[in-house]
Amino acid sequence: MAGTVRGGRVGIGGGSPLRSFFSYRIFASAMFTLLFLATLSVFFSSHPSQDDPVVETTGNAYVHRSFLAWQSDPPKTRLDLIHNQANNHIALVNAYGGYARKLKLETSKLLKMFDDLAKNFSDLQLKPTYRTALFESGGPVDEDVLRQFEKEVKDKVKIARIIIAESKESYDNQLKIQKLKDTIFAVHELLLKAKKNGAFASSIAAISTPKSLHCLAMRLMEERIAHPEKYEDDEPKPEFEDPNLYHYAIFSDNVIAISVVVNSVVKNAEEPWKHVFHIVTDRMNFAATKVWFKMRPIQGRAHIEINAVDNFKFLNSSYAPVLRQLESSNLKKFYFETRAEYDTKDVNNMKFRNPKYLSMINHLRFYLPELYPKLNKILFLDDDVVVQKDLTALWKIDMDGNVNAAVETCFGSFRRFSEYLNFSHPLIKQKFNPRACAWAFGMNMFDLEAWRREKCTEKYHYWQNLNEDRTLWKLGTLPAGLATFYSTTKSLEKAWHVLGLGINPSISMEEIDKAAVIHFSGDMKPWLDIALNGYKHLWTKYVDNEMEFLQMCNFGM
């Protein structure tokens, strides 16, 4: 008995044959359907014309012949295509037929196994020893024989239960559904874990300085130290304060990113000599940035002013809330202290604790009137943008008395104020509309006269001071900007500024081509290895590849 059961199970490859029973029915139905197509192919191939040449059905020869036949005899070409389709389905039918025969064989083995199991139970009762001693004897039952009979019955019952338990899944739909739910849940958990790990790794890569970029800064500094006479500070130019020219503000510690922004503006400008670039970087990259633009001067006689944050003495902890907050022990603990409760793969927690959100370079945009007191208007550009068209029309846009002109980013219920500000806070709930549309930081035209009139820097200080404990918003300069320029922002046409090239791989090239400015917002910056390859060429086309230090530092462009 035991030998019979084990033999049956081995015959189906170690699995339960009934698991394939219903699959057999499905494949049998598919087989008969496809056999109809095979019959159709036989019909078409059974009466070939004696005058027809042999048809090649493979490779370029078949394509070439089909094209010629279509020109001379379209019905014949159609017949060839139908014939080829039928032949393909013959192969498919044969494959399913072989599988169906295998299923039928396995099902037959399963039926035989259950028949043998039932027969073994019957044979056990009809065994002469047990029949005479237990069922046909008129006297007392022999206890030893009964014990042996009981043992054999229990062994067979145990085997039967095992087989039935394995076969139950083929009949019990609820069990199948529950098992499927369990499988889906387990796969979903694995997917979430993989996404979390991927986002964590991407965040690490995004906030890290690439080796090639560090190398470039070091090479530029080495050049500055080796030849100090070549890189003496220039005298300020009158163009730096001329309100009739087109002024840009670029604040960054990334030398190559700055150069790409400047090159893209100049190469697309109709009158580049009217454009003035005001670059502010940190003390560490100040000399390197000056050396870069000394070695690779801007084309078209455009003007460039380079400063370090430290050069603006009014930016101190008694005036700027961000600098004062950096002196707070609680804030230092949150942003800089490594503790076990923080060292988790929580991407949001890690993002919120990124110290760049308290970098003075990042918040310098809120001090434009103080930085450039003699200017009336200035165009702010992030270091991860590329300019594709002449931007002079922006200075001619009527701001309608507003301080800021920007492209709105909301669609449907997404990217509203409620996503950036904490509306459970009573002050936020009182001052702002949660349905108000958010706008993009990265390409903003600022009317500095309106800014001074509206006292926007004071508004920024007010909100930044209140948010020291991060109860109004979690991170970044965009929420601070939304609060500061609320009701004083003019909406621009979307074609002026297209965002998301550092996070969204599905932006159409048609939309990108129409854009005046494209923005690599997101973690996948174009100078990183994790950049989206479909968009990276839009940035690298403005990289100055003739710069010798780029080649020495192995920039992967």
Side-chain angles (χ1 to χ4, degrees), residues 245-252 254 256-272 274-279 298-300 302 304 362 364-365 368 377-397 399 402-411 415 437-447 477-478 481 485 489-527 531-532 534-543:
L245 300 180
Y246 306 124
H247 294 264
Y248 301 83
I250 306 170
F251 307 142
S252 173
N254 186 328
I256 193 169
I258 295 170
S259 72
V260 167
V261 177
V262 173
N263 287 343
S264 67
V265 173
V266 171
K267 288 184 178 181
N268 291 287
E270 294 179 1
E271 299 174 311
K274 292 185 178 181
H275 296 259
V276 183
F277 299 92
H278 302 273
I279 296 172
I298 303 178
Q299 302 300 312
I304 186 165
N362 214 29
L364 206 59
R365 64 193 73 186
L368 287 168
K377 279 187 176 182
I378 195 166
L379 182 63
F380 171 77
L381 294 177
D382 262 341
D383 65 355
D384 55 351
V385 306
V386 169
V387 176
Q388 300 187 126
K389 297 180 181 179
D390 183 66
L391 297 181
T392 54
L394 277 173
W395 275 267
K396 301 174 183 177
I397 290 177
M399 299 278 286
N402 289 295
V403 178
N404 172 35
V407 170
E408 292 184 340
T409 57
C410 60
F411 58 97
R415 293 179 182 170
C437 188
W439 42 264
F441 244 150
M443 192 217 65
N444 305 80
M445 176 60 71
F446 288 111
D447 185 331
T477 53
L478 179 56
F485 302 112
T489 296
K490 178 182 178 64
S491 176
L492 296 176
E493 293 290 335
K494 291 188 180 297
W496 279 111
H497 186 190
V498 171
L499 298 94
L501 276 72
I503 192 172
N504 183 5
S506 60
I507 303 174
S508 70
M509 289 307 300
E510 181 181 2
E511 184 180 1
I512 291 173
D513 291 339
K514 291 180 180 178
V517 175
I518 55 175
H519 193 169
F520 290 82
S521 55
D523 286 342
M524 292 174 276
K525 303 299 184 187
W527 55 82
L532 293 171
Y535 306 138
K536 191 171 183 177
H537 68 282
L538 300 170
W539 185 83
T540 55
K541 66 188 290 187
Y542 293 106
V543 173

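Counting from 1, the numbers follow the sequence of the chain as shown. Heavy atoms only: backbone and side chains are in, while hydrogens, waters and symmetry mates are out.
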#### Entry: Verdict with reasoning, Asn268 to Lys389, per side-chain contact (heavy atoms from CB on, under 4.5 Å)
CA-CA 5 Å; Asn268 291 287; Lys389 297 180 181 179; 5.5 Å; no
Tell me, do [X] and [Y] make a side-chain contact under 4.5 Å, heavy atoms counted?
| X | Y | value |
| --- | --- | --- |
| Ile512 | Gln388 | yes |
| Asp384 | Asn254 | no |
| Lys494 | Val407 | yes |
| Lys377 | Met445 | yes |
| Leu391 | Tyr246 | no |
| Phe380 | Leu364 | no |
| Phe277 | Ile258 | no |
| Tyr535 | Ile507 | yes |

Could you pull out the closest heavy-atom pair between [X] and [Y], with the gap in Å?
| X | Y | result |
| --- | --- | --- |
| Ser252 | Asp383 | OG-OD2, 2.6 Å |
| Gly500 | Ser521 | N-OG, 2.9 Å |
| Ala406 | Ala440 | CB-O, 3.7 Å |
| Ala515 | Val498 | CB-CG2, 3.4 Å |
| Arg415 | Thr409 | CD-O, 3.2 Å |
| Lys536 | Pro526 | CE-O, 3.0 Å |

Ring-plane angle category for [X] and [Y], please: parallel below 30°, perpendicular beyond 60°, tilted otherwise.
| X | Y | answer |
| --- | --- | --- |
| His497 | His519 | parallel |
| Trp395 | His275 | perpendicular |
| Phe485 | Phe441 | perpendicular |

#### Entry: Donor on one side chain, acceptor on other, Thr392 and Asp390, under 3.5 Å
yes
Hey, could you give me the [atom1]/[atom2] distance between [X] and [Y], rounded to the nearest 0.5 Å?
| X | Y | atom1 | atom2 | value |
| --- | --- | --- | --- | --- |
| Leu379 | Phe446 | CG | CZ | 9.0 Å |
| Ile518 | Glu511 | CD1 | CD | 11.0 Å |
| Lys490 | Asn404 | NZ | CG | 11.5 Å |

### Query
Can we say Arg365 and Asp382 salt-bridge, meaning some charged N sits less than 4.0 Å from an Asp/Glu carboxylate O?
yes
### Message
I'd like to know whether Val386 forms a side-chain contact (heavy atoms from CB on, under 4.5 Å) with Val260, so could you lay out the CA-CA distance, the side-chain angles of the two residues, the decisive distance to 0.1 Å, and finally the verdict.
### Response
CA-CA 7 Å; Val386 169; Val260 167; 4.1 Å; yes
### Query
Does the side-chain contact (heavy atoms from CB on, under 4.5 Å) test come out yes or no for Asn402 and Asp447, once each step is laid out?
CA-CA 7 Å; Asn402 289 295; Asp447 185 331; over 6 Å; no
### Message
With a 6.0 Å cut-off (strictly less than), is the heavy-atom count around NZ of Lys514, excluding the residue itself, greater than 12?
### Response
no
### Task
Apply the test side-chain contact (heavy atoms from CB on, under 4.5 Å) to residues Asn444 and Trp439: give CA-CA distance (whole Å), side-chain angles for both, the deciding distance (0.1 Å), then the verdict.
CA-CA 10 Å; Asn444 305 80; Trp439 42 264; 3.7 Å; yes
### Task
Please confirm whether Trp527 and Tyr542 have ring centers closer than 6.0 angstrom.
no
